[in-house]
Trainee: 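Have a look at this one.
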Amino acid sequence: MSETWLILGASSAMARALARAVADEGAGVLLAGRDMADLEAQATDCGLRGAPVAEAVTFDARDPAGVEAI
Amino acid sequence: MHTKTLTYAGWGRVHRATGEVARPERQSALARMVKERPGPAIGNLRSYGDVCLNDGGLAVDMTRLDRMMALDPETGVLTVEAGVRIGDLARILAPQGWLPAVMPGTGFATVGGAIANDVHGKNHHHVGSFGQHVRAMTVLTGQGAQQAVPESDLFAATVGGMGQTGVIATAELQLAPTKGDVIMVTERRITDWDDHLAHLDASTATYTVGWIDATATGSALGRGILEEAETGAGLVPPQKRAKTVPVDAPGFALAPPVVRLFNAAYWRRVPARGRTVGKPIGDFFFPLDKIHDWNRLYGKAGFHQFQCVVPLDQADALRAMLEQIAKAGVASPLAVLKRMGPGRAGLMSFPMEGYTLAVDFHAGETTERLVRALEQATHAAGGRIYLAKDSLGTPGMVREMYPERERWAEIVAQHDPEGAMSTDLIRRLKLRDVA
């Protein structure tokens, strides 16, 4: 697997499980959400599990500029 | 925070607790929870008795706080959340050249549990206990988040301290280097007790453990299989998928004649000349994890594990205990003999330099009588029983086995004066009482 997944609302439990499963398969993850401290910890975890790209991105669905940026 | 009322049990399934359980998903929620409504942390419930139970009270399930937060690839210093499983660390990090320095017999144990019980592994004689490889940890106490570092009172009372100082939120671990995720295991038949001790004493391998046939009597008393192992790189068939025990097994599944037959066959499975085999590391470190819910093999009533350690010069007392066990005829195939070094990191840590014997028994009156007699024999030999396994210990003897208990209780009282972190074992053995 060489693709990178964009996961929105990535600090929820379900999104976290998905990010791990994707990382375990060797795909990259962009973790988007509001709680950056939590997302950065999650990104480090995914990187150690094998994701070649694992980054936290600020994203708030209520902010049009943020949606545009994503 | 939202809680659920659950009934849960230790791994031995003899004791059960019913109480509220909270399962925070983030560190911020955990910190809020401990501040507003403190309660003892629990992990995967792999300690056998009631140390992980809080009947009628609140418990904090740490299993969702299980992330690796940072790894320095040069030094092998890893920062983790306390709910991460030891087996996951081994599986993920061994191919990257690192292993937890100490691993208990199940990979389902969490880092928080490994610290709280200061667990040991098959390399204790060389590297000591788990807590000796913890560089720092964050403990959420009544006074807020505190950093605990070696040499501090909080560290000494938290390592092996059964969660009584507060909730361990994160930990910084010094990992051990490994060449890969394969292990070469040399197995040899051991004919009797003296042979077993002689081989354990002479072993220079990094990892050494003896399986012991706790049903063998007479000249075969103490026979078993010695396993010595070294990690390395190589190509071996991958670990097989775990199977699950679907229902509670009937009573005859581990009846004495069945266990005797099984043990005899298990002993003979290793050729008389011995053998060396390569395996995935998980097969060696966590052999029973291949059978999910193996505790159901003991049926509804559950089981007890007795584990003690006695000083080196009390090997004869341990032999007498094994004779008692073999004569009682209630032992299961799960029995282990190891030599321990002196390493321990906390005031309530189990290890001492000597020999440790661990045996599983299905629950029942005969077992209770036997375990109480073994506790007395351990006490008389100047040894101690392992509280992570205990269900039947008595306050007087256990407190004497842990000579630093009173100092530990004083430090604990500073951090948790209301006793909010207390669990069923702590209350049963009156461990926090201060004279």
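We name chains A, B, ... by the order of the sequence lines, and we start the count at 1 in each one.
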Trainee: Once you round to the nearest 0.5 Å, how far does CG of A:L48 lie from CD1 of B:I92?
Mentor: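 Answer for the CG-CD1 pair, A:L48 versus B:I92, is 8.0 Å.
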Trainee: Can you list, pair by pair, the side-chain donor-acceptor contacts under 3.5 Å of residues 33-47 of chain B, counting residues two or more places apart and other chains?
Mentor:
unit_1: B:R37; atom_1: NH1; unit_2: B:E20; atom_2: OE1; d: 3.3
unit_1: B:R37; atom_1: NH2; unit_2: B:E20; atom_2: OE2; d: 2.7
unit_1: B:N44; atom_1: ND2; unit_2: B:F108; atom_2: O; d: 2.8

Trainee: Counting backbone as well as side chains, what donor-acceptor pairs lie under 3.5 Å between chain B and chain A?
Mentor:
unit_1: B:E25; atom_1: O; unit_2: A:R16; atom_2: NH1; d: 3.1
unit_1: B:E25; atom_1: O; unit_2: A:R16; atom_2: NH2; d: 2.8
unit_1: B:R26; atom_1: NH1; unit_2: A:D35; atom_2: OD2; d: 3.0
unit_1: B:R26; atom_1: NH2; unit_2: A:S11; atom_2: OG; d: 3.2
unit_1: B:R64; atom_1: O; unit_2: A:R16; atom_2: NH1; d: 3.0
unit_1: B:D66; atom_1: O; unit_2: A:R20; atom_2: NH2; d: 2.9
unit_1: B:D66; atom_1: OD1; unit_2: A:R20; atom_2: NH1; d: 3.4
unit_1: B:D66; atom_1: OD1; unit_2: A:R20; atom_2: NH2; d: 3.0
unit_1: B:D66; atom_1: OD2; unit_2: A:R20; atom_2: NH1; d: 2.9
unit_1: B:R67; atom_1: NH1; unit_2: A:D38; atom_2: O; d: 3.2
unit_1: B:R67; atom_1: NH1; unit_2: A:D38; atom_2: OD1; d: 3.1
unit_1: B:R67; atom_1: NH2; unit_2: A:D38; atom_2: OD1; d: 2.8
unit_1: B:M68; atom_1: N; unit_2: A:D45; atom_2: OD1; d: 2.8
unit_1: B:M68; atom_1: O; unit_2: A:D45; atom_2: N; d: 3.4
unit_1: B:Q96; atom_1: NE2; unit_2: A:L48; atom_2: O; d: 2.8

